[in-house]
Undergrad: 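I am attaching a structure below and will ask some questions about it afterwards.
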Amino acid sequence: MNPEPQHSATPPAEPQDPQVQRRKPSWLKVRIPGDANYAEVRQLLRQQALHTVCEEARCPNVGECWGRKHAAFMILGERCTRNCRFCSVKHGQPLPPDPKEAEHLAQAVVELGLRHVVITSVTRDDLPDGGAAHYAGVVDAIRATGATLSIELLVPDFRNKPGALERLLQSPPDVFNHNLETVPRLYPTVRPGADYHGSLELLARAKALVPSIFTKSGLMLGLGEQEDELEQTLRDLRRHQVDFLTLGQYLRPGPEQLEVQRWITPEDFARFAELARSLGFKMVASSPLTRSSHHADLDFQRLREQQQAPAQAR
């Protein structure tokens, strides 16, 4: 697909008063983690020397997800070669990939009894294939356990490294996820080093290489995007045949990351979900606390049921 020219920029939304920014709305309150399942998951991750995006990205849903024994694993180390302004994951020179990571992760998946596993990673621009072969090795290790489950990969852009996507999809997951994160105008500020059209092309190529795969992408709202920009971005995703969309509120992880420009209300998230459905997305998750891996197992189950229903009706 040929890249579409970016639509004309709209002036950014006026930031809310700093005092308002520091006060999270009531709909963003979450329970403090600490039940027995949470402790069990935490101990298992330590024993297997595994990382999760739940901890590294300071996800607000960690208590709920670990309480359900659901975790989003982060492979290829804990240091990213990029420094996106929204992300709290450490950045710098990473260590070589752990050759035992696939084995340890597969064992953890079995011990947790997962029916759907989400696997993401830091960005590894230092590796010739961006870590694609390592992803494939993890998928192979999980499949080799014989466990009945679906696999979702949330991947970086691989910076268009030749053959990287093809290598990864030699061991295809059930869901191929790559987040746009924000609208194109904000990329230089929010995602320096990333390319909006390159990300769209990655999603389209994955679908072209494995037509049966579900493709997925997500955005954080509240960084200063305008509604017309958001709508255009959703249209871009559908034009590139993305099936599944997630929309959530951006939350500032720490003082080094970008400030929240606006709190998006639950009513607005519901309105954006209706827009997305009208554009043809097969599955939409849109709420202040929505994240790529939050309820990913339940959402994939619903998506699969929707796909099977027409066949059963015939």
Undergrad: Could you check whether any side-chain heavy atom of Leu180 comes within less than 4.5 Å of a side-chain heavy atom of Tyr187, counting everything from C-beta outward?
TA: yes
Undergrad: What do the steps show when you test Glu166 against Arg205 for salt bridge (charged side-chain N to carboxylate O under 4.0 Å, His left out), and what is the final call?
TA: CA-CA 9 Å; Glu166 289 78 4; Arg205 285 174 53 219; 3.1 Å; yes
Undergrad: How close do Tyr135 and Thr120 get, heavy atom to heavy atom, and via which atoms?
TA: OH-C, 3.3 Å
Undergrad: Is there a path of hydrophobic side-chain contacts, each under 4.5 Å between heavy atoms of I, L, V, M, F, W or Y residues, that connects Leu154 with Val89?
TA: no
Undergrad: One thing to verify: whether Arg79 and Asp126 come together as a salt bridge, which I'm taking to mean a side-chain N less than 4.0 angstrom from a carboxylate O.
TA: no
Undergrad: Sequence neighbours excluded, which residues qualify as side-chain hydrogen bond (donor to acceptor under 3.5 Å, both in side chains) partners of Thr246?
TA: none
Undergrad: Is there side-chain contact between Pro184 and Thr233, with at least one heavy-atom pair below 4.5 Å?
TA: yes
Undergrad: Any idea which heavy atoms bring Ile142 and Thr145 closest together, and the distance?
TA: O-OG1, 2.6 Å
Undergrad: Which distance, rounded to the nearest 0.5 Å, do you find between the CG of Leu112 and the CD of Gln107?
TA: 10.5 Å
Undergrad: What heavy-atom pair brings Leu203 and Lys216 nearest, and what distance separates the two atoms?
TA: CD2-O, 3.5 Å
Undergrad: For Asp243 and Thr215, indicate whether the former's side chain and the latter's backbone hold a donor-acceptor pair under 3.5 Å.
TA: yes
Undergrad: Does the side-chain contact (heavy atoms from CB on, under 4.5 Å) test come out yes or no for His240 and Glu201, once each step is laid out?
TA: CA-CA 7 Å; His240 288 76; Glu201 289 297 324; 3.6 Å; yes
Undergrad: Do Asp236 and Gln232 have a side chain donor and acceptor closer than 3.5 Å?
TA: yes
Undergrad: Ignoring hydrogens and angles, tell me if any N or O in the side chain of Gln249 forms a donor-acceptor pair with the backbone of Ile264 under 3.5 Å.
TA: yes
Undergrad: Using only atom types and a distance under 3.5 Å, with no angle test, would you say the side chain of Arg159 pairs donor to acceptor with the backbone of Gly193?
TA: yes
Undergrad: Where do Phe272 and Leu219 land on the side-chain contact (heavy atoms from CB on, under 4.5 Å) test, with the steps shown first?
TA: CA-CA 12 Å; Phe272 298 150; Leu219 292 94; over 6 Å; no
Undergrad: Less than 4.5 Å apart, side chain to side chain, heavy atoms only: is that true for Thr123 and Cys84?
TA: no
Undergrad: Go through the steps for Phe176 and Leu165 under the test side-chain contact (heavy atoms from CB on, under 4.5 Å), then give the verdict.
TA: CA-CA 11 Å; Phe176 179 90; Leu165 182 62; 3.6 Å; yes
Undergrad: So do the side chains of Val190 and Leu258 get within less than 4.5 Å of each other, counting heavy atoms only?
TA: yes
Undergrad: Between Arg124 and Pro94, is there a side-chain heavy-atom distance shorter than 4.5 Å?
TA: yes
Undergrad: Between NE2 of His178 and CG of Leu200, what distance do you get to the nearest 0.5 Å?
TA: 8.0 Å
Undergrad: Indicate the atoms forming the closest heavy-atom contact of Phe214 with Lys207, along with that distance.
TA: CA-NZ, 4.4 Å
Undergrad: In plain terms, say whether Arg235 and Glu231 are close enough for a salt bridge, that is, a side-chain N and a carboxylate O under 4.0 Å apart.
TA: yes
Undergrad: Looking at Arg167 and Asp129, is there a salt bridge between them, counting it only when a charged N and a carboxylate O are closer than 4.0 Å?
TA: no
Undergrad: Would you indicate whether the side-chain heavy atoms of Leu245 and Ser286 approach each other to under 4.5 Å?
TA: no
Undergrad: Apply side-chain contact (heavy atoms from CB on, under 4.5 Å) to the pair Val260 and Lys24, showing each step before the final yes or no.
TA: CA-CA 10 Å; Val260 175; Lys24 287 183 182 177; over 6 Å; no
Undergrad: Side-chain contact test, heavy atoms from C-beta onward, threshold under 4.5 Å: evaluate it for Ser121 versus His134 and give yes or no.
TA: no
Undergrad: Please say whether the positively charged group of Arg191, taken as NZ for Lys or CZ for Arg, lies over the ring of Phe86, i.e. under 6.0 angstrom from the six-membered ring centre and within 45 degrees of the axis.
TA: no
Undergrad: Please report the shortest heavy-atom distance between Gly224 and Glu229, naming the atom on each side.
TA: O-OE1, 4.5 Å
Undergrad: Mark yes or no for whether Asp157, through its side chain, and Ser199, through its backbone, hold a donor-acceptor pair below 3.5 Å.
TA: no
Undergrad: Atom CZ of Arg302 and atom CE of Met283: how far apart are they, to the nearest 0.5 Å?
TA: 5.5 Å
Undergrad: Would you compute the distance between atom CZ of Phe244 and atom CG of Asn177 and round it to the nearest 0.5 angstrom?
TA: 8.5 Å
Undergrad: Do any N or O atoms from the side chain of Thr81 and from the backbone of Asp125 form a donor-acceptor pair under 3.5 angstrom?
TA: yes
Undergrad: Would you check if Leu230 and Leu275 make a side-chain contact, meaning some heavy-atom pair closer than 4.5 Å?
TA: no
Undergrad: Tell me whether Arg238 contacts the main-chain N or O of Val242 through its side chain, where contact means a donor paired with an acceptor under 3.5 Å.
TA: yes
Undergrad: State plainly whether the residues Arg271 and Asp268 are in salt-bridge range, i.e. N to O under 4.0 Å.
TA: yes
Undergrad: Would you name the heavy atoms of Leu247 and Thr290 that are closest together and state the gap between them?
TA: O-CB, 3.2 Å
Undergrad: Can you establish whether the number of heavy atoms outside Arg82 located under 6.0 Å from its atom CZ is more than 12?
TA: yes
Undergrad: For the side chain to side chain contact (heavy atoms under 4.5 Å, CB included) test, which of Gln257, Glu225, Arg262 pairs with Tyr250?
TA: Gln257
